[in-house]
Amino acid sequence: MKPSKPVILTGVRANNDIHIGNYFGAILPIVDMAKRRSSDFDINLFIPDLHSFTTPIDHSKLYDSILNNARIYTAAGLPLDNEAIHLYRQSRVPAHSELAWILDCFTGFGEMGRMTQFKDKSHKFLDEIDSKIHLPTSRQKAQDIVHTGISVGLFNYPVLMAADILLYGATYVPVGDDQTQHLEFTRDISERMNRKFGDLFIVPKPVAQQHQFFGNDQGLRIKDLMNPAKKMSKSDDSGKGVIFLGDEPEAAHKKIMSATTDSLGKVQYDRDNQPGISNLLEVLTLVRQDAGKDVSLEQTISEYAGMERYGDFKRIVADEVAEFLANFQARLAAVDDQAIESKLESSEHDMNIVANETLHRVQTAVGLRR
Ligand code: TYM
């Protein structure tokens, strides 16, 4: 099965801790895009399960969280019976790892070292280690933490990401700004390989064109509740600033009630001076939209403009977020796992054919095959 149409491809890591930033910033827009574009494009939604342990995780939970990732797409409205939409696990298409190795050998060490996500994550890890290493811990254990915490996998995972994209000749890759550098790298490595070996890969469109194509959806950034200067992120350790899709509604309610605000004492949308309140206005709009209400951010802003008691405003947001979670969790519980398993299997069958074709072309070009 060769895709006859251009390809849109994207993925959300499976770590069992998908939060409302991923959901509203990526999953919902992806599902919406898949529904709208599937007549003109092949839509590849894959679960980057090999990317799940670039940083240490609890492996006993991984298998479930991979399936949960597919269940979340389904609960968000992904039509499993649409044949132009392919839902598959990265690890079930071995060509991903094989192409990644080949691309590794054409990637500069310095090129990877410059990736900001690597720098951020590894620095964060080192800071954590600094605090842990003082605890009474065995020398061996301390060494294990230090040696495997910042893995080679974390370092060169953008190469695997490039393989994910290039195997299928994807032209459009809808992702948030935090992935822009990785997308640029995918363009660089594909152009480099094309120069050296002839036209091997379809080069994804430049990021600016991608933004134009997908509109504003991709710019959305839900912020951390405790520190609204930074985006809501899975790797936040306290979890207090992050609302996970699996949070108990009451726990999420508490998190919103203790969200950081400001001392200006007036509800207004001002990202620079009132990032916390602005973030809550966005979250409120999104959960209302999810409940089927036809509201825009502007309408929410004017509804609460000038309100002075932050506690009251937070309670409104907290109530509606808790309601959203309860509804979402009910939808998730109702998902048909059998339908998911069979969708995964049929997509994986088809994607192995497409991916192997590209892999063989590359293997021939580098001299591994005739
Ligand atoms: P990941 O799993 O970290 O994030 C998945 C998507 O969610 C977006 N995102 C957000 N959007 C809005 N607000 C937030 N607070 C927020 N946090 C995350 C991310 O920008 C992303 O679009 N490397 C990728 C997964 C991947 C991939 C690929 C994506 C692997 N291979 C190939 C596309 C193509 C990642 O770690 O995303």
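Ligands are counted one by one from 1 in listed order, and the atoms in each one are counted from 1 as well. All values reported here derive from a predicted model rather than from experimental measurement.
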Is there a heavy atom in F24 that sits closer than 4.0 Å to ligand 1?
no

Taking only non-hydrogen atoms of Y157 and a 4.0 Å limit, the atoms of ligand 1 in range are 23 (N), 36 (O)

N/O to N/O below 3.5 Å, does that happen between Q179 and ligand 1?
yes

Taking every non-hydrogen atom, the tightest pair across P174 and Q210
N-OE1, 4.3 Å

For ligand 1, which atoms, with element, lie under 4.0 Å from some heavy atom of L9?
32 (C), 34 (C)

Can K5 and D40 be counted as an ion pair, charged N to O under 4.0 angstrom?
no

Need the ligand 1 atom indices (1-based, order shown) with element for anything under 4.0 Å from a heavy-atom of F46.
28 (C), 31 (N), 32 (C)

Which of parallel (below 30°), tilted (30 to 60°) and perpendicular (above 60°) describes F213 and Y172?
parallel

Purely on distance, is any nitrogen or oxygen of G11 under 3.5 Å from one on ligand 1?
no

Using a 4.0 Å cutoff against the non-hydrogen atoms of R13, which atoms of ligand 1 qualify?
1 (P), 2 (O), 3 (O), 35 (C), 36 (O)

Donor-acceptor list for residues 363-370 side chains, cut-off 3.5 Å, not counting sequence neighbours:
unit_1	atom_1	unit_2	atom_2	d
Q363	OE1	R369	NE	2.7
Q363	OE1	R369	NH2	3.3
T364	OG1	H360	O	2.7
R369	NH2	H360	NE2	3.1

Does ligand 1 have a heavy atom under 4.0 Å from the side chain of V173, from its backbone, from both, or from neither?
side chain

Any ion pair linking D49 and R89 (charged N to carboxylate O, less than 4.0 Å)?
no

Below 4.0 angstrom from a heavy atom of V12, which ligand 1 atoms are there? Numbered from 1 as shown, please.
2 (O), 5 (C)

Counting heavy atoms only, which of D178, T10, V175 is nearest atom 19 (C) of ligand 1?
D178

Between D177 and K231, is there a salt bridge with N-O shorter than 4.0 Å?
no

Using a heavy-atom cut-off of under 4.0 Å, does the side chain or the backbone of H51 touch ligand 1, or both, or neither?
side chain

Does F118 have its ring centroid less than 6.0 Å away from the ring centroid of Y157?
no

Could you list all the side-chain hydrogen bond (donor to acceptor under 3.5 Å, both in side chains) pairs where at least one residue sits in residues 187-209, not counting sequence neighbours?
E111-R192

S233 touching ligand 1 at heavy-atom level, < 4.0 angstrom
no

Charged N to carboxylate O under 4.0 angstrom, D290 versus R331?
yes

Judging by distance only, is a nitrogen or oxygen of I222 under 3.5 angstrom from one on ligand 1?
yes

Under 3.5 Å, N or O to N or O, is H182 touching ligand 1 that way?
no

